[in-house]
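Values below: all heavy atoms of this structure, side chains included; hydrogens, waters and symmetry mates excluded. We name chains A, B, ... by the order of the sequence lines, and we start the count at 1 in each one. Remember, predicted model here, so these are calculated numbers, not experimental data.
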There are 2 protein chains.
Amino acid sequence: MSAEPKRRAQLVEATIAEIGDVGSLNVTVSRIAKRAGMSSALAFHYFGDKEQIFLAAMRYILTVYGAEVRGALVTADGPRQRVEALIRASFSSANFRREAIAAWLNFYVLAQTSEGARRLLRIYRRRLHSNLVHGLRPLAGDVAPGVAQRIAGLIDGLYLRHALDPEGDGQTAAALVFHALDAELRTLR
Amino acid sequence: MSAEPKRRAQLVEATIAEIGDVGSLNVTVSRIAKRAGMSSALAFHYFGDKEQIFLAAMRYILTVYGAEVRGALVTADGPRQRVEALIRASFSSANFRREAIAAWLNFYVLAQTSEGARRLLRIYRRRLHSNLVHGLRPLAGDVAPGVAQRIAGLIDGLYLRHALDPEGDGQTAAALVFHALDAELRTLR
DNA sequence: GATTATTGATTGACGAGTCAATAAACGACG
DNA sequence: CGTCGTTTATTGACTCGTCAATCAATAATC
């Protein structure tokens with residue numbers, strides 16, 4: 001079998017780990033490659049340049065997160081459960097691993113200058129929004145999109161806050177979102 | 001008069017401008033210094049190393065933001081107006097200038113690894129929280145701190161969202177927060 | 001035999017931080 | 001007032017390190 005997929009995967013994982021260690025995108029391809037057990041030349045051979053490596057890592061993070069969400073949704077029963085599952089998944093302990101935090105923060109930075117990163121970020125946001133709307137529709141009707149916008153913003157903001165100064169675990173943050181959701185929904189009656 | 005304060009100010013402003021141009025902390029002291037009209041050696045002379053320059057820039061950003069908030073508060077009449085002023089200030093057009101966005105995003109990144117940056121961020125957050133609680137107390141009583149936490153989170157999250165993908169101007173975002181605030185407060189009766 | 005995998009060595013550029021040296025400004029003091 | 005020793009301002013040149021990207025060459029694999 002061709003070595004390419006395995007090598008790419010190794011590099012992506014090493015990239016995320018490395019960004020987690022360093023805390024910024026100031027990671028060298030050499031260190032990534034060494035961590036992945038190969039020469040830097042091979043990394044360039046497969047990815048072309050550094051930005052492509054970063055984008056692949058970002059794609060991977062989003063894929064994992066997406067899978068997590070999907071997994072949480074299957075066990076959810078009814079709209080309210082679905083929404084809560086989405087929220088809980090966003091604050092899963094996986095997302096609070098040091099590497100995951102570093103990845104997200106740096107991808108935000110990257111999104112300023114890299115069209116590719118911006119596109120990926122939009123995908124994440126659209127997916128979250130659409131998932132939320134889907135769950136909220138039966139609960140909030142026409143205003144579901146507006147509610148979803150606010151809940152999504154709250155998720156991002158609280159993630160940011162807890163990522164950089166953990167006051168309690170992720171579930172504390174999730175509880176805050178639940179509370180806001182209650183407030184939003186109660187307004188509707 | 002000593003040249004030091006002027007030089008420091010020039011460097012701080014050049015730093016913010018440069019970070020805005022580059023989008024990351026990958027800015028060189030040489031470029032900053034050149035932009036500020038002096039040699040890089042002088043920058044090192046006054047600040048010691050690069051991190052101190054960054055921290056000074058961050059402090060400056062927070063100072064300006066703080067002044068903006070205070071200015072908005074004096075014209076505010078009554079608790080509700082105070083809270084709205086805080087929210088509006090957070091989404092002021094000044095905060096959406098390219099350099100300001102770049103500064104904030106990168107300071108989040110820096111906060112992962114720099115104790116100094118983390119401390120400054122905590123100051124910003126505490127100040128926002130305390131301002132919100134102060135305004136909310138007459139409106140929400142005992143639960144003011146909880147409401148403030150959620151509003152603060154929403155502010156950060158919506159800022160992040162609009163900073164990287166402006167759908168409408170800052171006031172659109174502010175309106176979303178107002179809406180959430182309404183929902184929170186209406187729940188209390 | 002041709003495509004794929006892999007690397008060591010190298011290039012060329014850049015960048016943080018230092019240093020010694022020069023120029024200004026600043027008192028103090030006669 | 002002048003001048004002189006001292007602190008402050010300022011820089012060019014330099015060091016030492018690093019790093020992205022390339023390339024030619026060698027080993028596998030098909």
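Regarding contacts with the backbone of C:dT4, every side-chain N or O of A:Y46 stays at 4.0 angstrom or more from both OP1 and OP2.
Protein atom CD of A:Q52 is 15 Å distant from nucleotide atom P of D:dA20, rounded to whole Å. In this structure, the CZ atom of A:F47 is 16 Å from the C1' atom of D:dA20, given to the nearest Å. Spacing between atom CE of A:M38 and atom C1' of C:dG8 amounts to 16 Å, rounded to whole angstrom units. Rounded to whole Å, the distance from CD on A:E4 to P on C:dT3 is 16 Å. A:L25 places its CG atom 12 Å from the P atom of D:dA20, with the value rounded to the nearest Å. Following rounding to the nearest Å, A:H45 (NE2) and C:dT7 (P) show an atom-to-atom distance of 11 Å. One interatomic measurement links the two molecules: NZ of B:K6 to C1' of C:dA24, which rounds to 14 Å at whole-angstrom precision. Rounded to an integer number of Å, the gap from A:L42 CG to D:dA28 P is 15 Å.
Distance check, rounded to the nearest 0.5 Å: CZ of B:R35 to CD of B:Q10 gives 13.5 Å. Considering CZ of A:F96 and OG of A:S90, their distance stands at 9.0 Å, rounded to 0.5 Å.
Distance from the side chain of B:S2 is smallest to D:dA9 among C:dT7, C:dT6, D:dA9.
Ion pair B:E18/B:K34 not flagged as a salt bridge, since none of the NZ, NE, NH1 or NH2 atoms sits closer than 4.0 Å to an Asp/Glu carboxylate oxygen. Salt bridge absent: A:D21 and A:R31 never bring a charged side-chain N and a carboxylate O closer than 4.0 Å. With salt bridges taken as basic N to acidic carboxylate O contacts below 4.0 Å, none links A:D165 and B:R118.
The aromatic rings of B:W104 and B:Y159 lie perpendicular to each other, with more than 60° between the two planes, well past the 30° mark.
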| What is the per-nucleotide protein-contact pattern of nucleotides 11-23 of chain C, from the 5' end, where B denotes a base atom under 4.0 Å from a protein heavy atom, S denotes such proximity for sugar-phosphate atoms only, and - denotes neither? | ----SSBBB----
